[in-house]
2 protein chains.
Amino acid sequence: MSVDLPEPGTVRPGGRTARVRSAVLRAAADALIEHGFGHIDLADIARRAGVGKTTVYRRWGTVPGVVADLLAQMAETSQPRSDTGTLRGDLLALAHLIRRTLTDPLQGPLFKAVIAAATCDEQAAEALHRFYAIRIAEWAPCVERAAERGEVPAATDAAEVVRAVSAPLYYRLLASGEPLEPAAADRAAEAAAVAAEAGAFAP
Amino acid sequence: MSVDLPEPGTVRPGGRTARVRSAVLRAAADALIEHGFGHIDLADIARRAGVGKTTVYRRWGTVPGVVADLLAQMAETSQPRSDTGTLRGDLLALAHLIRRTLTDPLQGPLFKAVIAAATCDEQAAEALHRFYAIRIAEWAPCVERAAERGEVPAATDAAEVVRAVSAPLYYRLLASGEPLEPAAADRAAEAAAVAAEAGAFAP
DNA sequence: CTGTAAACACAACTGGAGTTCCATTATGAG
DNA sequence: CTCATAATGGAACTCCAGTTGTGTTTACAG
């Protein structure tokens with residue numbers, strides 16, 4: 001019989017422990033951007049963070065474990081959303097925000113890496129889903145306000161509209177591989193707006 | 001100075017070489033389904049295929065290398081597309097085909113794995129993009145016929161409509177993690193059809 | 001049918017990712 | 001401030017994924 005030991009870092013979360021976590025997550029992001037999810041090891045992350053590799057193995061265990069914690073931290077920082085006064089304007093701003101993020105030379109590879117980690121590890125997958133649940137909830141009010149203004153049916157599923165804007169851009173990044181041009185963001189926003197107005201997201 | 005040696009398997013592609021490739025790709029698919037992209041090694045694939053691991057390392061080199069070849073083989077087998085006579089009917093059939101594929105206990109994990117491989121390796125990424133280019137081209141005629149019937153503007157980008165149907169389902173699988181219910185396929189098809197009819201894909 | 005070299009199998013080897021052990025540091029309660 | 005111990009650091013160790021070297025099988029040209 002094994003006793004339930006506390007996870008490392010949960011009993012004394014202050015001072016050094018917090019500094020180590022911060023340094024490791026920052027180093028992990030750098031390493032993921034530089035090498036991608038496939039060619040990374042925890043020893044390299046530890047070296048970059050100026051931390052013993054034993055510490056990293058003990059607290060996080062695996063690369064997806066670090067990614068899961070990194071995603072939890074990324075979920076804490078919220079992106080400010082637009083309020084242009086029209087659904088089209090807001091969705092266009094969202095689409096271009098996503099496009100800029102995914103084509104950014106730093107954030108693009110990072111998002112690819114965390115998604116790759118999520119396909120390999122259940123813990124990372126759950127962290128990724130929480131991350132997107134938060135981001136989607138942050139933008140849902142755009143659609144809800146459009147419903148109040150009468151631009152879309154009152155029963156419209158706001159989160160589904162936000163997902164409809166995001167999906168084509170991620171599909172290009174991960175599956176089909178077409179370049180993420182600004183025109184693609186325009187079409188994603190326009191298509192989602194038209195479909196929402198027609199009640200395609202209000203069952 | 002190094003001489004340009006031919007790739008293994010290119011000079012004598014018949015008989016044994018073909019059998020080995022077939023066995024290895026089948027074993028690779030099984031292993032990817034069972035363990036996922038993250039927890040796989042070529043020695044295991046070689047064992048399953050009943051082949052020396054040296055052979056696998058020499059011909060394919062890495063796991064993403066095997067995945068790239070597997071995708072090339074997957075691209076050869078074409079899925080029959082529907083012809084219901086209406087754009088809505090065809091897109092609905094496409095959406096449900098994709099949903100069934102991604103929720104299939106065998107094909108779902110396989111697709112997750114090959115997409116993970118593509119995010120880690122350029123060679124696998126190119127193979128994946130070729131795979132989707134072919135699948136999308138196979139379904140584009142649905143939209144082209146709809147254009148001939150006058151259901152959508154003549155200038156409609158057929159491939160973009162097909163991608164618009166696919167994207168929300170892949171987004172759920174890879175990013176947001178919501179379950180892939182039949183209703184999600186219905187909405188993806190409906191939203192794409194509405195947007196196409198409104199000319200959102202005809203710039 | 002025969003010969004040659006392309007492709008493969010087997011075994012020994014190697015490097016480094018991940019583990020273990022123990023010493024050291026410093027958090028947080030009293 | 002003091003003390004118990006949570007958390008980290010460093011080095012030695014283990015194990016196996018991936019490599020290399022060598023001999024065998026077999027596709028295919030002539």
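Convention: sequence-line order gives letters A, B, ...; per-chain numbering from 1. Atoms considered below: every heavy atom in the structure, side chains included; atoms not considered: hydrogens, waters and symmetry mates.
- A donor and an acceptor atom never sit less than 3.5 Å apart when one is taken from the side chain of R59(A) and the other from the base of dT8(D).
- Across all strands, R58(A) comes closer than 4.0 Å to base atoms (heavy-atom distances).
- For the pair D41(B) CG and dC15(D) P, the computed distance is 17 Å after rounding to whole Å.
- To the nearest angstrom, C1' of dG9(D) lies 15 Å from CZ of R47(A).
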Inset, instruction - Show the numbers, then the answer: is there a side chain to side chain contact (heavy atoms under 4.5 Å, CB included) between I45(A) and L32(A)? - result: CA-CA 9 Å; I45(A) 292 175; L32(A) 287 171; over 6 Å; no

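- One N or O donor and one acceptor, one from the side chain of T54(B) and one from the base of dC10(C), sit under 3.5 Å apart.
- Backbone-only contact: T10(A) has heavy atoms under 4.0 Å from sugar-phosphate atoms and none from a base.
- For H129(A) (side chain) and A125(A) (main-chain N/O), a donor-acceptor pair under 3.5 Å exists by modelled atom type.
- Summary of the strand contacts: V20(B) and L42(A) both lie near DNA chain C, and taking for each the nucleotide with the nearest heavy atom, the more 5' one is attributed to V20(B).
- A close approach under 4.0 Å does occur between a side-chain nitrogen or oxygen of Y57(A) and OP1 or OP2 of dG18(C).
- The separation between W60(A) atom CH2 and dA17(C) atom C1' is 18 Å, rounded to whole Å.
- For the pair V63(B) and G50(A), both in contact range of DNA chain D, the more 5′-proximal nearest nucleotide belongs to G50(A).
- Side-chain N/O atoms of T55(B) include one lying less than 4.0 angstrom from OP1 or OP2 on dA9(C).
- Within 4.0 Å of R21(B), counting heavy atoms only, lies no atom of the nucleic acid at all.
- Here the C1' atom of nucleotide dA26(C) and the CZ atom of R12(A) are 7 Å apart, to the nearest Å.
- For CZ of R26(A), the number of neighbouring non-hydrogen atoms (other residues, nucleotides, ligands) closer than 6.0 Å is 12 at most.
- An OP1 or OP2 oxygen of dA27(D) is reached within less than 4.0 angstrom by a side-chain nitrogen or oxygen of R19(B).
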Inset, instruction - Please step through side chain to side chain contact (heavy atoms under 4.5 Å, CB included) for the pair R172(A) and R99(A), ending with a clear verdict. - result: CA-CA 10 Å; R172(A) 285 171 171 245; R99(A) 192 195 83 85; over 6 Å; no

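- Separating the NE2 atom of H39(B) from the C1' atom of dC16(D) is a distance of 16 Å, rounded to the nearest angstrom.
- Residue side chain K53(A) reaches the base of dG18(C) through a donor-acceptor N/O pair under 3.5 Å, judged by distance alone.
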Inset, instruction - Test D90(A) against T84(A) for side chain to side chain donor-acceptor pair (under 3.5 Å), laying out the working first. - result: CA-CA 6 Å; D90(A) 288 350; T84(A) 62; 2.8 Å; yes

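- The residue among G61(B) and R16(A) whose nearest nucleotide of DNA chain D lies closer to the 5′ end is R16(A).
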